[in-house]
Amino acid sequence: MTATDESIYQVESLIAEDIDAYLEQHQHKTMLRFITCGSVDDGKSTLIGRMLYDSKMIFEDHLQALEADSKRVGTQGDQIDFALLVDGLAAEREQGITIDVAYRFFATEKRKFIVADTPGHEQYTRNMVTGASTAELAVILIDARKGVLTQTRRHSFLTHLLGIRHIVLAVNKMDLVDYSQEVYDAIVADYRAFADSIGIGDFTAIPISGFLGDNITAHSPKTPWYTGTTLMNHLETVELDQTLDQARPFRMPVQRVTRPNLNFRGFAGTIANGVVRPGDAVRVLPTNRTSTIARIVTMDGDLDQGVVGQAVTLTLADEIDCSRGDVLVLDSSPAEAADHFECHLVWMDDSEMLPGRSYWLRIGTQTVTATFERPKYQVNVNTMEQVAAKTLGLNAIGVVTFSTDKPVVFEPYAQSHDLGGFIVIDKMTNATVAAGMIHFALRRSKNVAWQPLEIDRSHHARMKHQEPIVMWLTGLSGAGKSEVANEIEVQLARMNRHTFLLDGDNIRHGLSKDLGFDDADRVENARRLAEVAKLMADAGLIVIVSAISPFRAEREMARDLIGSEFVEVFIDLPLAEAEGRDTKGLYAKARAGELTHFTGVNSPYEAPTAPDIRIDALTTSPKEAAAEIITRLIPLR
Amino acid sequence: MAQPGPATLTHLQRLEAESIHIMREVAAEAENPVMLYSIGKDSATMLHLARKAFYPAPPPFPLLHVDTTWKFQAMYELRDKAATEAGMELLVYQNPEALAQGINPFDHGPLHTDMWKTEGLKQALDKYGFDAAFGGGRRDEEKSRAKERVFSFRNAQHRWDPKNQRPELWKLYNARKHKGESMRVFPLSNWTELDIWQYIHLEGIEIVPLYFAAERPVVEHEGLLIMVDDDRMPLAPGQVPQLRSVRFRTLGCYPLTGAVESTATTLPEVIQEILLTTTSERQGRAIDHDSAASMEKKKQEGYF
């Protein structure tokens, strides 16, 4: 009987003889979530399969199927091939279905475990980052025959980036190197040098064989030279994050206000850090109002304390404003709020990050609008080198600064995953396109104050006897935007109106001289146009913007920035017709391959779905179009 | 008088907190959420967690039972009682076409599940315009669930696209969607079968008595022990239901749900039996045997 069989036997006899004692034991278990990193070749599936098997989480019918499969397709002769238990993912790859994060569950007498199992190749970086985000420990598998590989470095970097404190270096397949201490020591030394170089302070190395079970649940007689812990023992005893998080000052993002009647107002949320007790002085951020905790309310009665990770409902002694998105913090040690940050960003979507574009950003229970600047650098995940980048594509990781439209209550990710980790959502598709980890707030945002102005925009407008407006003309190259824009200005001049025409091409000779025509630069150009148009509207002018502005998201950004004065005018000419006219000869050049990123040819044009005004440029002359626009927008005096 | 709170959280307390967090996120982000309630032990646990999540208010959404008319009588009895106790509105939906055509598990095979459950669910969600629906699915149930998100996005046709799932990091769930699209939300994703039983035991949650062993009239039907719950059960000539001490590991339509022979009459005994017996939970359900990849296919079509 092996040690594993023996411990299963002991658990079984406890279950059989004294189920109440077993249940009592089981209900006091703690939980550890961990991630396994490595590829199938490293024996990852075999190791997970063995842990499931050893903890008796495999049912008889699964086991029968497993034994049958092992004989049929297994790679281990007559032995059970544990890998087949978890290799749903491999099958999926062949079928071209999802390669994804799979979660598996097992328990021992001391702990319940949730394992995030993700594929190890570089093209699945986002999957690994997802799995690592909820893990407290990472098992990094190394094939003892191969040693530290590029993917070992990548996996280590990613787990470290996601703030996983416990790293286990599982040197696997020791049976295939004759349990050689020399081989093991060399690998550990090699890894230690690398770990030091990226800031991993400490790790636990264990020589194992997932296939034969060495040093998994019991010390292996084959490695007498190894005196450290077994893998399972380490997983069962490693310090949990909640111990550390509990020592930090209290923070709770408010999810929702519970208000069953006028006499009760409770703030529901999950405690991100620390401990809370009735009588504690707290502060609501970002409004900075203070109060004290009155009650910790649960269905089982009020509690005398709430701890990190607990979902509670708190009531306050005073009637103060507090709602979803606010954060309750310990008054004597509050968190900060800021609107300009540096972060690590992991891009997870097929469409690349566009600096200057507005995205939704979710952090805790706060949702804000955020715009990213150009990456300071991208990290090569295999070599950890910093490389220059204009943007971030799928699976790219970079250091980026961003600003938000209102203050965000935060903590550096290193101190709080709940208040420092965020996701980024595309405003058009609603897809989750990135995840980020805040390093710190940039002080600039605190030192640049808004100067109050004596003469405001309505004063400017009154002096000119007109209502400012921004007419944003969008359409394909050659659709006739410039002609219409010119005609509008001419006709308005006759009406003694103060106007200015901002031409998308002209602005590129000066303000946007540094920008090209790829997607990222187009977004930035649109942002500059919108900012300038807004300033001119503030000055009381009627502004006519003429720019292809091919992306819906940027026109929406301009609308958000400029506000109610923004009018989207779609100069609608079919592509074939615009190309046929080819007033500037650009389509011909683009078709000849001389121009890249040319809208309509090798760069998309996202037509407005509901423009404020649509001009059919096939049937309407510029003069008529201008007259129509003016009639609809400019009140006659 | 306040009672002592926990010093740190056990695994069940962490699972409880996670489920409550998820439910509150849905209540805050969705316009018109609903909780699917199928009366089994997972639904009972989910309902209990919902009551905890919003206490002292009742959960801010109704319960929806997509009925097939073929559930066990004991299930219908507990359903109405549980909704009343939670102070929640109970909506019961039966697919009118299935009703009109008399769709049943004996004559119609897989069509029974398709019309009553898959179609019935879609019709009900459309009828009431629900944009988020809680389901009791767990990742440990079978392989295709192991990789499903907690917030599972469905297009306007209720289809699940396993290739196009949103990454879920930390405790952050993206519930944004366009009009007509919806989310299925699984707050019990990280619970195992044993966790559920343990929690029911600790919290004293009421479950359908069919989970406990008793003498019940059963017949053998296509390899399963089927309880004759009413006179719609067609018996072969000469076939007489036998009284045997049985219980059920899962509950669904009675003609599709196999009983297991058992003497476990208390919750600890049931848990003991689960731990010592060795067939996985879904084995007793006829629905999974139809084809190997059946669950993934059903989910893509809109089954929960």
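From a predicted model like this one, the values you see are computed outputs, not experimental measurements.
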TODO: Please find out if less than 6.0 Å separates the ring center of B:Trp170 from that of A:Tyr413.
DONE: yes
TODO: Let me know if A:Asp349 has heavy atoms under 4.5 Å from chain B in its side chain, its backbone, both or neither.
DONE: neither
Task: A:Lys110 atom NZ, neighbour heavy-atom count above 12 within 6.0 Å - done: no
Open item on the list: Heavy-atom pairs under 4.5 Å with chain A: which of B:Ile20, B:Leu12, B:Thr8 has the most?
Closed with: B:Thr8
TODO: Select, from B:Glu16, B:Glu269, B:Glu168, the one with the greatest count of heavy-atom pairs under 4.5 Å involving chain A.
DONE: B:Glu168
Task: Between B:Glu25, B:Lys171, B:His201, B:Arg51, the one whose heavy-atom pairs under 4.5 Å with chain A are most numerous - done: B:Glu25
TODO: Go through the atoms of A:Gln246 and report whether side chain, backbone, both or neither lie under 4.5 Å from a heavy atom of chain B.
DONE: side chain
Open item on the list: Salt bridge check, B:Asp195 against B:Arg138: does any charged N sit closer than 4.0 Å to a carboxylate O?
Closed with: no
Task: Residue B:Pro58 versus chain A: region with a heavy atom under 4.5 Å - done: neither
- [ ] Verify the distance criterion only: is there a donor paired with an acceptor across the side chains of B:Asn174 and A:Thr432 at less than 3.5 Å?
- [x] yes
Open item on the list: Counting heavy-atom pairs closer than 4.5 Å to chain A, which one of B:Glu181, B:Lys52, B:Arg14 comes out on top?
Closed with: B:Arg14
Open item on the list: At a 4.5 Å cut-off on heavy atoms, which part of A:Ile296 comes close to chain B: side chain, backbone, both, or neither?
Closed with: neither
Task: Aromatic centroids of B:Phe186 and B:Phe151 separated by under 6.0 Å - done: no
Task: Segment of A:Ala431 engaging chain B (4.5 angstrom heavy-atom cut-off) - done: backbone
- [ ] Taking only Lys NZ, Arg NE, NH1 and NH2, and the carboxylate oxygens of Asp or Glu, determine whether A:Arg324 and B:Glu29 approach each other closer than 4.0 Å.
- [x] yes
- [ ] Side chain from CB out, backbone as N, CA, C, O: work out which of these in A:Ile114 comes under 4.5 Å of a heavy atom of chain B, or both, or neither.
- [x] side chain
- [ ] Could you look at A:Tyr103 and say if it's the side chain, the backbone, both or neither that has a heavy atom under 4.5 Å from chain B?
- [x] both
Task: Among A:Thr134, A:Thr243, A:Thr130, residue most engaged with chain B (heavy-atom pairs, under 4.5 Å) - done: A:Thr130
- [ ] Please state whether the side chain, the backbone, both or neither of B:Ala27 comes within less than 4.5 Å of a heavy atom of chain A.
- [x] both
Open item on the list: Once side chain to side chain contact (heavy atoms under 4.5 Å, CB included) is applied, do any residues pair with B:Gln13, and if so which ones, sequence neighbours excluded?
Closed with: B:Pro6, B:Leu9, B:Thr10
Task: Which of A:Arg259, A:Met348, A:Arg111 touches chain B most, by non-hydrogen pairs under 4.5 Å - done: A:Met348
Open item on the list: Please classify the contact between A:Gln242 and chain B as side chain, backbone, both or neither, with a heavy-atom cut-off of under 4.5 Å.
Closed with: side chain
Open item on the list: Quick check on A:Thr258 against chain B: is it the side chain, the backbone, both or neither that has a heavy atom closer than 4.5 Å?
Closed with: side chain
- [ ] State whether B:Glu193 and B:Arg249 are salt-bridged, where the test is any N-O pair (Lys NZ or Arg NE/NH1/NH2 against Asp/Glu carboxylate O) under 4.0 Å.
- [x] yes
Open item on the list: Any donor-acceptor pair under 3.5 Å linking the side-chain atoms of A:Gln255 with those of A:Thr365?
Closed with: no
- [ ] Sort out for me which of A:Val257, A:Asn261, A:Val312, A:Val129 touches chain B most, counting heavy-atom pairs under 4.5 Å.
- [x] A:Val312
Open item on the list: With chain B as the partner, which of A:Thr429, A:Ile271, A:Thr313, A:Ile425 has the greatest number of non-hydrogen pairs under 4.5 Å?
Closed with: A:Ile425
Open item on the list: Is the terminal nitrogen or CZ of A:Arg126 (NZ for Lys, CZ for Arg) located under 6.0 angstrom from the six-membered ring centre of A:Trp347 and within 45° of that ring's axis?
Closed with: no
Task: Region of A:Arg362 that comes under 4.5 Å of a non-hydrogen atom in chain B - done: both
TODO: Check the angle between the aromatic planes of B:Tyr173 and B:His21 and answer parallel, tilted or perpendicular using the 30° and 60° thresholds.
DONE: tilted
Task: Ion pair check, B:Glu18 and A:Arg33, cut-off under 4.0 Å - done: yes
Open item on the list: Which atoms of A:Thr367 are under 4.5 Å from chain B, going by heavy atoms: the side chain, the backbone, both sets, or neither?
Closed with: side chain
TODO: With a 4.5 angstrom heavy-atom cut-off, could you sort out which part of B:Ser189 is near chain A: side chain, backbone, both or neither?
DONE: backbone
TODO: Run the numbers on B:Thr45 and B:Trp191 for side-chain hydrogen bond (donor to acceptor under 3.5 Å, both in side chains), then give the verdict.
DONE: CA-CA 11 Å; B:Thr45 302; B:Trp191 296 61; over 6 Å; no
